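Letters go in sequence order (proteins before strands), and every chain restarts at 1. Note that the coordinates shown come from a computational prediction; the quantities given were computed from them, not determined experimentally.
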There are 4 protein chains.
Amino acid sequence: MEPTQRRKELLDAAKQVFAEKGYHAAGVADIVERAEVARGTFYLYFKSKREVFTALLDYTFQTLMERLHMVSMDQPETIIRGLLDNMSAIERYFEEDSEQANIIIREAMLLDDDSAKRVDEMRQAVVEFLEQLLTHWQKQGILRPLDPVLTAHAVVGAVRGIFEQRMIHRRLEAGEGEVMEHLLSLFVFGIIDPEHFELAAGHMRDIGLED
Amino acid sequence: MEPTQRRKELLDAAKQVFAEKGYHAAGVADIVERAEVARGTFYLYFKSKREVFTALLDYTFQTLMERLHMVSMDQPETIIRGLLDNMSAIERYFEEDSEQANIIIREAMLLDDDSAKRVDEMRQAVVEFLEQLLTHWQKQGILRPLDPVLTAHAVVGAVRGIFEQRMIHRRLEAGEGEVMEHLLSLFVFGIIDPEHFELAAGHMRDIGLED
Amino acid sequence: MEPTQRRKELLDAAKQVFAEKGYHAAGVADIVERAEVARGTFYLYFKSKREVFTALLDYTFQTLMERLHMVSMDQPETIIRGLLDNMSAIERYFEEDSEQANIIIREAMLLDDDSAKRVDEMRQAVVEFLEQLLTHWQKQGILRPLDPVLTAHAVVGAVRGIFEQRMIHRRLEAGEGEVMEHLLSLFVFGIIDPEHFELAAGHMRDIGLED
Amino acid sequence: MEPTQRRKELLDAAKQVFAEKGYHAAGVADIVERAEVARGTFYLYFKSKREVFTALLDYTFQTLMERLHMVSMDQPETIIRGLLDNMSAIERYFEEDSEQANIIIREAMLLDDDSAKRVDEMRQAVVEFLEQLLTHWQKQGILRPLDPVLTAHAVVGAVRGIFEQRMIHRRLEAGEGEVMEHLLSLFVFGIIDPEHFELAAGHMRDIGLED
DNA sequence: AATGAATGAGGTTTCATTCAT
DNA sequence: CATGAATGAAACCTCATTCAT
């Protein structure tokens with residue numbers, strides 16, 4: 001069999017096994033059993049159990065990044081639309097690649113400092129983007145006084161929490177888009193200055209969200 | 001030595017070790033070494049490594065519950081105060097015993113289904129309380145239209161995210177109370193109906209929060 | 001069982017197994033089987049298979065060194081006696097513990113650079129002693145012109161060769177002392193200047209060796 | 001490619017790899033990598049890793065034997081010359097192909113009984129030749145009383161020891177011929193009867209050796 | 001109640017060899 | 001002839017748990 005294909009199969013098997021049993025409970029034995037190859041074959045493609053996990057992490061990281069669009073901060077009316085698109089993109093990825101991505105991200109924080117750092121980088125990337133966005137809006141005077149960093153972390157935490165419920169616990173089984181829209185409006189109204197409230201509500205309506 | 005005391009020492013040692021190395025990397029050897037007892041002694045007090053972890057989890061659960069006050073939903077003006085108090089209580093507990101926080105936030109969800117369920121119960125308890133609160137307010141017509149369950153999860157996720165940053169990464173090192181106040185106002189204004197905005201701002205001011 | 005005793009048993013088992021099968025063919029399984037302990041017990045006392053081998057090497061090194069007496073170079077008539085004593089001491093040790101000899105002579109040089117260096121040190125120690133002795137005698141003018149270093153290596157090589165035959169192949173089964181005496185006279189007469197031949201023969205006779 | 005050539009390439013690669021890493025540390029992977037052929041190709045030419053080693057041993061054995069001349073024991077004055085020539089021939093071969101020497105001197109004795117026996121045969125061939133020579137001389141009454149077998153082994157051991165130092169440790173870096181000459185004179189004078197000393201010295205001088 | 005030596009199942013990893021292409 | 005992916009037995013090592021003292 002073609003090596004690239006075999007490697008993919010092993011990655012896939014590993015992903016499933018890690019998702020089902022978690023990194024520690026999963027053995028290389030489980031992975032090769034699922035991939036239906038001999039034990040040694042695994043080690044032709046990966047140096048260790050650790051490495052296959054890292055490879056999965058890299059793949060997830062890369063795929064996620066590819067799916068995110070830049071959101072221009074210049075045209076205010078596109079920002080909210082852009083945010084929503086990105087949130088939906090992330091959710092769609094997690095939905096497509098069901099529990100696996102989640103488990104990977106959750107385990108990685110615990111596996112070792114390197115993996116944890118990797119995941120933290122992803123989070124930080126999002127946090128920083130939000131932070132800039134908030135600061136930008138703040139300068140335009142359309143926000144209540146609030147700490148952009150703290151708020152950014154709160155938003156990310158909330159999104160993560162919702163994802164966790166939906167992906168892992170299969171709770172909050174609303175239609176795909178609705179959940180993100182709900183979240184978005186929660187935050188938009190949570191941060192905006194009352195004076196500009198009607199403006200925001202307008203933007204929300206423009207993209208199809210009732211206030 | 002008095003058995004109760006010995007057990008406490010072991011729990012304490014285990015807590016530190018788990019916090020430092022994580023559940024899997026930590027060995028019973030590490031725990032007994034830190035507790036300065038023989039290996040066998042450990043098994044006089046706990047049936048297994050798993051059990052000592054569960055015991056820690058139980059203890060945390062119990063302590064946390066003890067620290068939370070009921071928030072009466074009858075007197076609207078006390079609700080926000082009560083929420084803030086509870087959030088601060090949780091934060092104070094985690095601050096006091098951040099090793100414990102580490103364990104709960106990071107490990108328990110992953111260890112096995114029992115532990116995960118246990119942590120989930122804690123989360124659910126808070127979610128349900130928030131949900132009732134939101135529903136209550138919604139009936140009073142002071143909230144924008146929003147999904148109480150989703151919103152509750154978002155709030156819990158945000159709080160958890162902030163805790164994670166503060167406890168584990170030692171980021172967001174603002175003064176203790178400020179962070180919770182910030183979070184609170186973020187949500188209060190995120191959920192409230194514009195018409196009642198000024199009322200909410202009043203309540204916030206009453207408890208010493210600028211809007 | 002007392003740890004010191006258990007460790008000794010394991011060392012002993014390892015020695016026998018290494019002697020019988022060689023380092024590579026021998027498995028930890030063989031060692032623990034011979035010692036009649038569980039596999040894990042081995043690792044309570046030694047970090048690895050390598051380590052137990054090194055421990056054996058160290059022990060041999062130490063024991064051998066303890067058995068060697070200093071040979072004073074001041075009194076010429078005692079030198080030959082001293083040399084003979086030392087050669088016999090070494091031989092006796094190898095005779096007593098021929099498994100050890102086997103291991104050292106045959107395996108250590110190949111295992112890795114560290115072990116090889118260790119064995120080489122032993123050889124070098126002897127070579128250097130001989131070298132000094134030869135230089136000493138050369139200054140007194142009682143030797144033919146020869147290269148002390150080369151000669152020292154030749155002597156050590158010859159002795160090693162004889163040991164190998166006797167210990168491993170069980171050839172050259174002469175009485176214990178005789179072999180060393182033979183070797184000694186071979187070299188004494190190989191290096192001495194013809195003019196001092198009679199003097200050397202006298203010394204040899206003094207210690208009971210016919211020329 | 002011509003099969004014979006390919007086989008030679010593999011033998012050569014194996015020789016280098018064995019010399020560098022030792023038999024056990026060397027893998028078939030190393031050999032085929034160096035030979036720049038695929039893994040399976042190796043097994044077209046050799047049944048196993050063991051076999052390629054044995055083949056190298058055979059080749060060495062054969063080459064060495066080809067390089068040795070018979071030394072006639074009838075004409076005494078040619079014997080010493082012949083011995084020296086043979087020793088130099090051996091040394092030259094090892095010098096030319098020191099990887100081979102490394103393998104033989106260091107590994108073959110340990111690999112298994114067959115290989116060990118093979119090397120031992122070579123040694124025994126030399127020992128027996130020397131033994132006959134010594135016995136021959138002894139009958140002519142030109143030797144001190146000594147055990148021919150023991151002496152033969154001593155000589156072989158000394159030569160081997162010197163080779164080892166020169167080939168492996170790169171010590172004793174004298175000019176090629178000198179070392180062997182030195183060794184020869186050491187033994188000649190070590191074994192000869194004092195009465196015939198001058199005769200021996202004459203022979204040595206005849207072939208260009210100072211006494 | 002306390003000890004700590006002993007256990008052994010279970011894990012990861014290696015590598016000589018095979019075989020379908 | 002040549003390839004190189006696949007094999008799987010066997011090696012080493014760990015560590016939660018037990019048990020005789």
Within the structure, does a side-chain N or O atom of D:Y43 lie under 4.0 Å from either OP1 or OP2 of E:dT17? yes

Distance under 6.0 Å and angle within 45° of ring axis: D:K8 vs D:Y59: no

How is A:Y45 classified with respect to the nucleic acid when contacts are heavy atoms under 4.0 Å: base, sugar-phosphate, or nothing? sugar-phosphate

Check ion pair C:D114-C:K117 (N to O, under 4.0 angstrom): no

Less than 6.0 angstrom from the centroid, inside 45 degrees of the normal: does D:K49 satisfy that with respect to the ring of D:F18? no

Is it true that the NZ or CZ of C:R6 lies under 6.0 Å from the centre of C:Y45's six-membered ring and within 45 degrees of the ring axis? no

Considering every strand shown, what is the Watson-Crick or G-U wobble mate of E:dG8 when both distances are under 3.5 Å? F:dC15

Rounded to whole Å, CZ of C:F42 lies from P of F:dT14 at a distance of 11 Å

For the pair made of CD in D:E36 and P in F:dG4, what is the distance, rounded to whole Å? 12 Å

Verify side chain to side chain donor-acceptor pair (under 3.5 Å) between A:Q16 and A:D12, making sure each step is shown before the conclusion. CA-CA 6 Å; A:Q16 289 173 47; A:D12 210 57; 3.2 Å; yes

Per atom distances to the C:M1 side chain, the nearest of E:dA6, F:dT17, F:dC13 is E:dA6

Check: B:R39 side chain, F:dT17 base, donor-acceptor under 3.5 Å: yes

Looking at F:dT7, I'd like to know if its phosphate oxygens (OP1 or OP2) sit under 4.0 Å from a side-chain N or O belonging to A:T41. yes

To the nearest angstrom, how far is C:D30 atom CG from F:dC12 atom C1'? 13 Å

F:dA11 P sits how many Å from C:I31 CD1, rounded? 12 Å

Expressed as a whole number of angstroms, how long is the span from A:R6:CZ to E:dT21:C1'? 15 Å

Would you mind classifying the nucleic acid contact of A:G40 as base, sugar-phosphate or nothing, using non-hydrogen atoms under 4.0 angstrom? base

Base-pairing assignment for E:dA1 (Watson-Crick or G-U wobble, both under 3.5 Å): none

The answer to which of A:A25 and B:V37 contacts DNA chain E further toward the 5' end, by nearest nucleotide, is B:V37

I need the CZ-P distance between A:F46 and E:dG11, as an integer number of Å. 20 Å

Given salt bridge (Lys or Arg N to Asp or Glu O under 4.0 Å), test B:R7 with B:E2 step by step and report yes or no. CA-CA 9 Å; B:R7 190 184 144 91; B:E2 202 201 340; over 6 Å; no

Using atom CG of B:L44 as one end and atom P of E:dT3 as the other, report the distance to the nearest whole Å. 9 Å

B:H24 NE2 to F:dT14 P, straight-line distance once rounded to whole Å: 18 Å

Now, which nucleotide makes the Watson-Crick or G-U wobble pair with E:dA20, with each of the two distances under 3.5 Å? F:dT3

Comparing nearest nucleotides in DNA chain F, the 5'-proximal residue of the pair C:K47, B:R50 is C:K47

So what's E:dT14 paired with, Watson-Crick or G-U wobble, going by both distances under 3.5 Å? F:dA9

Classify D:A26 by what it touches in the nucleic acid, base, sugar-phosphate, or nothing, heavy-atom distance under 4.0 Å. sugar-phosphate

